[in-house]
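Data first, discussion second: the structure below is written as structure tokens.
Computed from a predicted model, the values in this text were never measured in an experiment. Quick note: numbers below take in every heavy atom, side chains included, and nothing from hydrogens, waters or symmetry partners.
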Amino acid sequence: MGPRAAPLLPLLLALLGRPDPGRAEGCDLQPVTAEPPIALSYATSTVQRGCVSSSSLGSGHEVHVLSIEWSKASAFPLKVFVTPRDGDCSRPVVLVLLCTHCAANITSLCPDLLIRTDAHLVLGTATSRGPEPLVATGEGQLLAWARETYGGITSYSKVRDPRWVQLRLGEDAGSPPDCIPRERFDAVLHLETEVFFHGVKSCSHGDAQSTKTAHIVHLQPEPRYRALPITEVNLSLTCPERAMNNQILILQSRADITWSLSVNNCHIQFLVSWNYKLVSISPMTIPGELLPDTEQGLVAKAFEKNYSVIASYSAIPTSTRISLEIQEHEVVRRAPATSTPPAPTVNSLAHTLLLMLEPWKCTDETMEIVIARSHLEPIKDVVNITLRDISCQAEKNATHFMLKTPLSHCGTSLEGRGHANNELILSLATGAVLRSVRVAFQCKIPRELFLRLFPTAAFEAPQTELEVNKETFVQVSMRWEDHPADLQLKECWLVVPGREPVLLVQGGEARGAGVAMLEGPPSSHGRKIWRFRFTYTIPEGGRVPFSANLKCKAGLQNNTIFEKVLEVMVKDSWRLPNNRGLGLAAVLGITFGAFLIGALLTAGLWYIYSHTRPISKLQPVSSTAPASESSSTNHSIGSTQSTPCSTSSMA
């Protein structure tokens, strides 16, 4: 790419929806040496070194050797869970635990477990303890001691910085005859552990003025040898009690992973790759967005969202479970809470849910909010939703709350660059008391060209129908806060399939017969508006198309071009609207056929009626008939004639 193309790179990346890597310049991620801003741990079955063997099958015990290594002294007891395979505790088990200068809590469902350890066993370890193992000078000496003492080794695992370890018992005759340790050993068949991550990095933009901070978790690809790829990641997030809502958590993974987020006491924005769901609020899966898969690209994405401080960047292996606790620097580091977290309040649920769903959508002149009632189920008894101006109430039906308003109404402010600011106010009925929850939000105004078609010069109620031989009114608009005067309407065309495009506007001036530029409303908040009218005519004998495209371009003096295409349906006054298969002859034919069928049906009914009446009813009334009979006959006929009238009046 030559020097001339370099300035076009940010524009090209913006058009592709990717952040400009250049935005990450001035922010060099470095390892955190002080107290880290987060405590991050993840579940894994890959150990530092490990091996399995069948050498213990001929001995009297299963023998599992577990060596623990710490980056720094742990303030928390190590939890070790020993679980039998298929509930079988018939074979004696020896656990050799090497954990110098640490406390351990070992629990097991099998009573016949012998522990050989140099760790301090805390209360709750309901197993028998044997003599401490040989003080080994290295891994080889430790394994040699275990083989000599017990006749074989079932498994060996060296784990670094574990929070807990689950050891699954059981021997496999298909294992190698000798336990020869290997680096990065996959111990998935007999061990799972949750380890603390100590490789956190951070940085801040050189000219950062904002206090908005970002936390990034970047999952690395899984080993190729893994038999069952991970498809769901469960992330538990905890925030400090005085947490501010000026933070964002960016989660990046490969395409086929779904993030299940459990959030405790956090008012935080999320930016997630692919799919995710907030399990503590709703089981609904929410589509994410395409994120960069590089360190520099993710940092640039955070800066693009105006988060200029990268408080933590963590690149960890793909895992089924991740625990993340955002901490305050003045708070003494503690282990992620293992007890039941406090139940979220209605306020925190509302903030978290709405900031996750982001049910607002803005154009350059309107704001629309649509919230499904099912998404609000965790927030009980939502009876009404308004904006900052409480006279702007959402319409509601059985399934949704819906609200649409101009950006100039309902207390919306446009102070932020490219954003509309307002508040959603949820009214909750708790018994006889009505309370409200306020959630402030920012609605992003797309930096794009908007194209609307109107039937009248009032420019109200846009539509997508273009009527032949009738004036049509067009509005082209866009918000450009930087230098709105530089934005010019370049050209507009009407493109009909199978015909030459018709030029309507060029260089801000009308082109062609029946086209006229109109005076638009004054610009406000950097919004430019152009208006014109035109009449679409069909040459004599020409076929009326069913659709057409209205295409407009606006641009800056630096040749940056914005283009919008609006597909419209062509409506002919001689043709039924949206009728794609019936011409005038067919419509007249159907009308005549309906008339003919009606006439034949009426004649048939009259024939049946006249041939089924009694003969006495068909004969004329004699002048000598008694007065009572004549009166009765007249009354019967009158009743028959009055019935349709009665039915008609009821209808």
Side-chain angles (χ1 to χ4, degrees), residues 38-47 81 83 159 162-166 168 184 186-197 199 214-239 248-266 268-294 298 301 312-326 336-338 340-341 344 349 352-353 355-358 372 374-375 377-378:
I38 64 170
L40 176 64
S41 58
Y42 61 92
T44 182
S45 291
T46 301
V47 297
F81 307 96
T83 58
V159 183
R163 178 178 163 190
W164 52 260
V165 177
Q166 181 182 20
R168 302 186 187 94
R184 305 292 299 168
D186 184 15
V188 66
L189 294 180
H190 70 272
L191 181 142
E192 185 178 22
T193 180
E194 185 170 330
V195 297
F196 287 105
F197 178 69
H215 298 275
I216 303 174
V217 177
H218 187 182
L219 297 190
Q220 303 302 296
E222 298 176 65
R224 293 183 179 180
Y225 56 77
R226 187 179 182 91
L228 297 175
I230 295 172
T231 58
E232 183 171 355
V233 175
N234 294 276
L235 186 143
S236 175
L237 176 65
T238 306
C239 299
I248 190 171
L249 177 60
I250 301 177
L251 305 174
Q252 207 282 347
S253 66
R254 68 166 195 265
D256 55 349
I257 283 181
T258 297
W259 293 81
S260 294
L261 309 180
S262 177
V263 182
N264 304 315
N265 192 39
C266 293
I268 190 170
Q269 295 276 358
F270 289 90
L271 190 59
V272 186
S273 63
W274 312 111
N275 296 326
Y276 65 101
K277 52 189 174 182
L278 192 64
V279 295
S280 55
I281 293 180
S282 172
M284 180 192 68
T285 299
I286 306 170
E289 66 176 82
L290 182 63
L291 294 180
D293 58 358
T294 64
L298 290 170
K301 190 68 175 180
S312 69
Y313 175 89
S314 307
I316 64 173
T318 299
S319 171
T320 57
R321 289 191 302 279
I322 301 173
S323 297
L324 174 62
E325 181 181 3
I326 299 176
T338 55
T340 304
L349 274 176
T352 303
L353 177 61
L355 292 177
M356 283 284 292
L357 294 177
E358 293 189 355
S374 59
H375 296 166
E377 287 181 358

TODO: Check for a donor-acceptor pair, side chain of Arg168 on one end and backbone N or O of Val188 on the other, with a separation under 3.5 Å.
DONE: yes

Task: Separation between CZ of Arg321 and CD of Glu194, rounded to the nearest 0.5 Å - done: 7.0 Å

Open item on the list: For the backbone of Phe81 and the side chain of Trp164, can you confirm whether one donor and one acceptor N or O come within less than 3.5 Å of each other?
Closed with: no

Open item on the list: Please check: side-chain N/O of Ser45 versus main-chain N/O of Leu191, any donor-acceptor pairing under 3.5 Å?
Closed with: yes

Open item on the list: Return the CG to NE2 distance between Leu237 and His215, rounded to the nearest 0.5 Å.
Closed with: 9.0 Å

TODO: Check for a donor-acceptor pair, side chain of Thr193 on one end and backbone N or O of Val195 on the other, with a separation under 3.5 Å.
DONE: no

TODO: With side-chain contact (heavy atoms from CB on, under 4.5 Å) as the test, would you mind laying out the steps for His375 and Ile286 before giving the verdict?
DONE: CA-CA 11 Å; His375 296 166; Ile286 306 170; over 6 Å; no

- [ ] Heavy atoms only: give me the nearest Phe196-Arg163 pair and the separation to one decimal.
- [x] CE1-CB, 3.7 Å

Open item on the list: Would the distance check show the side chain of Ser273 and the main-chain N or O of Leu290 forming a donor-acceptor pair, the cut-off being under 3.5 Å?
Closed with: no

Task: Shortest non-hydrogen contact between Gly288 and Tyr276, atoms and distance - done: CA-CE2, 4.0 Å

Task: Between CZ on residue Phe270 and CD1 on residue Ile248, distance to nearest 0.5 Å - done: 9.5 Å

Task: Euclidean distance, Ile250 CD1 relative to Leu271 CG, rounded to 0.5 Å - done: 5.0 Å

Open item on the list: How long is the straight-line distance from CD1 of Ile322 back to CG of Leu324, given to the nearest 0.5 Å?
Closed with: 8.5 Å

Task: Flag side-chain contact, heavy atom, 4.5 Å: Gln252 against Ile216 - done: no

- [ ] Taking all heavy atoms of Ser314 and all of Phe197, pick out the closest pair and write down the distance.
- [x] CB-CE2, 3.6 Å

- [ ] Of all the heavy-atom pairs spanning Ile230 and Ile257, show the shortest one and how long it is.
- [x] O-CG1, 3.6 Å

TODO: Decide yes or no on side-chain contact (heavy atoms from CB on, under 4.5 Å) for Ile268 and Ile326, but give the supporting numbers first.
DONE: CA-CA 11 Å; Ile268 190 170; Ile326 299 176; 3.9 Å; yes

- [ ] Over all heavy atoms of both residues, which pair between Trp259 and Ser253 is shortest? Give the atoms and the distance, please.
- [x] NE1-OG, 3.1 Å

Open item on the list: I'd like to know whether Leu251 forms a side-chain contact (heavy atoms from CB on, under 4.5 Å) with Leu261, so could you lay out the CA-CA distance, the side-chain angles of the two residues, the decisive distance to 0.1 Å, and finally the verdict.
Closed with: CA-CA 11 Å; Leu251 305 174; Leu261 309 180; 3.7 Å; yes

TODO: Output the distance between atom NZ (Lys301) and atom CD (Glu289), rounded to the nearest 0.5 Å.
DONE: 4.5 Å

Open item on the list: Main chain of Glu325, side chain of Thr238: is a donor-acceptor contact present, judged purely on distance under 3.5 Å?
Closed with: no

Task: Closest non-hydrogen atom pair, Val233 against Ser319 - done: CG2-O, 3.1 Å

